[in-house]
Q: 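Once you've had a glance at the structure underneath, I'll fire off some questions.
Numbers here are sequence positions counted from 1. Quick caveat: nothing in here was measured; it's all calculated off a predicted structure.
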Amino acid sequence: MGLFDEAMNMVKGQMAGGEGQGGLMSVVLGLVNNQQSGGLAGLISQLSQGGLGNAVSSWVGTGANQPVSGEAIQQALGSSKIQELAAQAGISPDALSAGLAQMLPGVVDKLTPNGEVPSDDLVE
């Protein structure tokens, strides 16, 4: 099983059902795999530049993952991006932000083994 598959299985395990969870999974996949935005490295950069540098460094690093709030995710990605992604997922912007805040630390952690961002594409 590849690294990406492991991370997505972890995300699925965190999502024990609930309204909009499938849409949230699609958003997470889209953020991590969006090559136009730089993929995982681009997402990490955007979150870091959006004020989450210390938290994102903890996710990439080998230590404990720092939590973030939905509000912090919304501020880092921008409210217009959050609204766009929430519409795609079929959930409210607040629910999307909260879901991303819960999922992204673990997903980024799983996708950055040994504290390094992989340089190749995550989807085969």
Q: Please check: side-chain N/O of Asn34 versus main-chain N/O of Gln36, any donor-acceptor pairing under 3.5 Å?
A: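 Yes, the answer is positive, given that a donor and an acceptor are paired below the 3.5 Å cut-off.
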
Q: Do Val108 and Val32 touch side chain to side chain, with heavy atoms closer than 4.5 Å?
A: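 SC-SC contact between Val108 and Val32 ruled out.
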
Q: So Leu31 and Val107, do their side chains get closer than 4.5 Å, heavy atoms only?
A: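 Side chain of Val107 against side chain of Leu31, heavy atoms only: no contact under 4.5 Å found.
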
Q: Any side-chain heavy atom of Thr112 sitting closer than 4.5 Å to one from Ile44?
A: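 Heavy-atom side-chain distance check passes, below 4.5 Å.
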
Q: Is any side-chain heavy atom of Asp109 less than 4.5 Å from a side-chain heavy atom of Val60?
A: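 With C-beta onward as the side chain, the pair stays apart.
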
Q: Quick one: closest heavy-atom pair of Ala101 and Gly70, and the distance?
A: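 Nearest pair, atom of Ala101 first, then Gly70: CB-N, 3.6 Å.
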
Q: Apply side-chain contact (heavy atoms from CB on, under 4.5 Å) to Gln49 and list each qualifying residue two or more places apart in sequence or on a separate chain.
A: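 By the side-chain contact (heavy atoms from CB on, under 4.5 Å) rule, Gln49 matches Ser45.
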
Q: Measure the CE-CD1 distance between Met103 and Ile73 for me, rounded to the nearest 0.5 Å.
A: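 Result: 12.0 Å between the selected atoms.
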
Q: For Leu52 and Ala76, work out which heavy atoms get closest and say how close.
A: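 Result for this residue pair: CD1-CB, 3.8 Å.
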
Q: Is the shortest heavy-atom distance from the side chain of Leu40 to the side chain of Asn33 under 4.5 Å?
A: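 No, too far: nothing below the 4.5 Å cut-off.
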
Q: If we ignore hydrogens and angles and just use 3.5 Å, is the side chain of Ser69 paired with the main-chain N or O of Ala72 as donor and acceptor?
A: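 Answer holds: yes.
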
Q: Can Leu77 and Leu43 be said to form a side chain to side chain contact (heavy atoms under 4.5 Å, CB included), step by step?
A: CA-CA 9 Å; Leu77 294 178; Leu43 175 62; 4.1 Å; yes

Q: Identify every side-chain donor-acceptor pair in residues 80-99 under 3.5 Å, counting partners at least two apart or on other chains, and give the distances.
A:
{"from": "Ser92", "atom 1": "OG", "to": "Ala95", "atom 2": "N", "distance (Å)": "3.0"}
{"from": "Ser97", "atom 1": "OG", "to": "Pro93", "atom 2": "O", "distance (Å)": "3.0"}

Q: Are the side chain of Ser58 and the backbone of Gln66 linked by a donor-acceptor contact shorter than 3.5 Å?
A: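 Indeed, once roles are kept as given, a pair shorter than 3.5 Å links the two residues.
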
Q: If you take all heavy atoms of Val68 and Ala55, which pair is closest and at what distance?
A: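 That closest heavy-atom pairing would be CG1-CB, 3.5 Å.
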
Q: Does any non-hydrogen side-chain atom of Leu104 lie less than 4.5 Å from one of Trp59?
A: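 Yes, close enough: below the 4.5 Å cut-off.
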
